[in-house]
Number of protein chains: 2
Amino acid sequence: MPEPASPKSARGEQTRAAIVTAALELFRERGYEKTTMRAIADSAGVSLGNAYYYVASKEHLIQAFYDRMQVEHEAQAAIVLADETTFLRRLAGVQEAFFDVAAPYHEFAGKFFKNAAEPASPLSPFSPESEPAREASIAIFRQVVVGSDLKAPAAILIELPELLWLMHMGYVLFWVHDTSDGQRRTRLLVQRGGALVDRLVRLTRLPGVRGVAEDVMGLVRTLKA
Amino acid sequence: MPEPASPKSARGEQTRAAIVTAALELFRERGYEKTTMRAIADSAGVSLGNAYYYVASKEHLIQAFYDRMQVEHEAQAAIVLADETTFLRRLAGVQEAFFDVAAPYHEFAGKFFKNAAEPASPLSPFSPESEPAREASIAIFRQVVVGSDLKAPAAILIELPELLWLMHMGYVLFWVHDTSDGQRRTRLLVQRGGALVDRLVRLTRLPGVRGVAEDVMGLVRTLKA
DNA sequence: GTCTATAGTGGGATAGAC
DNA sequence: GTCTATCCCACTATAGAC
């Protein structure tokens, strides 16, 4: 049992980075399944054994891809959030930014997506291992809400970022299945879905609707616990 | 390229059945991943190569499992639908019936679930290959609606069965991730989610809400096309 | 702690003879 | 339609260099 996982020295860090970079490049070029660990090791200039010294399995290399996407999304989202003030435009802008960032990897994403879908997998967006990335993503949606002109009951505003993140996961699910060119159907969904959410949230000020909205929030809270 | 997939002779059908039966038994005993194609072939009394003459891949064997579940769900749902008349009770009953049927396979389901999540996979619930099973499932939800006391705009009633099926898929997603004992959190979700849907659909008769509901339906129709 | 080289194992999938 | 033999590749094991 080697189990270093996180390198101890600067040199180790460099080697690890070389392996990850080589992997991501090959994944994008030939796809996940057609990229062998031997090819990754070769391309990184290390032995197969050494590659396994740094990455626990081929699947674990996917986490590196997530991390990169998250960082890029944050950067793009920050631009939108600095410019827009209305809830709708902030929401749509942030969501579109994600699919802008993800677009080059659409085919690749479809191939390895199944690894993220397994509940027990550390790659699942709901896993404990994914918590940092998940929290970072939810934080973006929190900014969408708090920096906006949105008016709604406090109980709803508090739960909303997490709900938007969940919706985002749903969009991603749609996206990986979306074979329309440029994934324009996903764009359509994001645009119209955003307008819908905007209307729905504002509707919660109507007495008849508010009760239902509070039930939704109660249910979400219950299931989170 | 052999590509028989569906056997030509009675003998072939028998061989295929033996393979599928052996596979399902082993899957339930030891789980999907720990069951090798060699073990399946052995257990069915055929050679490995012959097994591959009948099933395109190990993943394809999962379809057989789906089919069995679908048949059992239909049977249980029929009992509920014969007894209940209110929309809420019909919906909740049918959904609970599914998780009753699925319960013994919860662990197994988590293990192979990822195979269903890959968009390109024939095992995806959205794939063309899954259309028969999907339509059969939607048909159950259509019965939930049409045989009930539910009153709502026609445009909504038409789209509702498919939406309920989608919600059902969401529940299944939650279920495979649900580690609470007996998956009681999923039961809770189904119960409270059902009550929520009931209220929401009836709310569509309010003028302010109706517009939003029609937008939702429009969006769904657009994305289906 | 980092890395190489080499030799395996196990299991999904295929080729080609019969 | 059925077999045997083989391929391929993720992954492991080990022994040792720096």
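Hydrogens, waters and symmetry mates play no part in the numbers below; they use all other heavy atoms, side chains included. Per chain, numbering begins at 1; letters A, B, ... match sequence-line order.
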Using atom [atom1] of [X] as one end and atom [atom2] of [N] as the other, report the distance to the nearest whole Å.
X: Leu48(B); N: dA13(C); atom1: CG; atom2: P; answer: 10 Å
X: Gln14(A); N: dG1(C); atom1: CD; atom2: P; answer: 19 Å
X: Leu61(A); N: dA10(D); atom1: CG; atom2: P; answer: 11 Å
X: Arg16(A); N: dT2(C); atom1: CZ; atom2: P; answer: 12 Å
X: Glu59(A); N: dA10(D); atom1: CD; atom2: C1'; answer: 11 Å
X: Leu26(B); N: dG12(C); atom1: CG; atom2: P; answer: 12 Å
X: Met37(B); N: dT14(C); atom1: CE; atom2: C1'; answer: 12 Å
X: Glu33(A); N: dC11(D); atom1: CD; atom2: C1'; answer: 16 Å

[X] side chain, from C-beta outward: closest of [options]:
X: Val46(B); options: dA10(D), dG12(C), dC3(D); answer: dC3(D)
X: Arg38(A); options: dC3(C), dT2(C), dC11(D); answer: dC11(D)
X: Tyr52(A); options: dA13(C), dT4(C), dC11(D); answer: dC11(D)

Shortest non-hydrogen contact from [X] toward [Y]:
X: Asn50(A); Y: Thr15(A); value: ND2-CG2, 4.0 Å
X: Pro125(A); Y: Met169(A); value: CB-SD, 3.9 Å
X: Phe87(B); Y: Val145(B); value: CE1-CG2, 4.2 Å

Quick check on [N]: is either OP1 or OP2 less than 4.0 Å from any side-chain nitrogen or oxygen of [X]?
X: Tyr53(B); N: dG1(D); result: yes
X: Thr36(A); N: dC8(D); result: no
X: Asn50(B); N: dG1(D); result: no
X: Ser57(A); N: dA10(D); result: no

Do Glu129(B) and Ser121(B) have side chains that get closer than 4.5 Å, going by heavy atoms?
no
Keeping the roles fixed (side chain from His73(A), backbone from Val94(A)), state whether a donor-acceptor pair exists under 3.5 Å.
yes
Categorize Ser47(B) for me: base, sugar-phosphate, or nothing, with a 4.0 angstrom heavy-atom threshold over every strand shown.
base
With a 6.0 Å cut-off on the ring centroids, do Phe27(A) and Phe65(A) count as close?
no
Of Lys224(B), Arg221(B), Arg134(B), Arg142(B), the residue whose pairing with Glu162(B) passes salt bridge (charged side-chain N to carboxylate O under 4.0 Å, His left out)
Lys224(B)
Judged by nearest nucleotide, the residue sitting upstream toward the 5' end of DNA chain C, Ala51(A) or Tyr32(B), is Ala51(A)
Rounded to the nearest 0.5 Å, how far does CZ of Arg30(B) lie from CZ of Phe108(B)?
13.0 Å
Classify the side chain of Arg11(B) versus the base of dG1(D) as yes if they form a donor-acceptor pair under 3.5 Å and no if they do not.
no
Could you give me the stems involving DNA chain D, meaning stretches of three or more consecutive Watson-Crick or G-U wobble pairs whose two defining distances are both below 3.5 Å?
C:1-18 with D:1-18
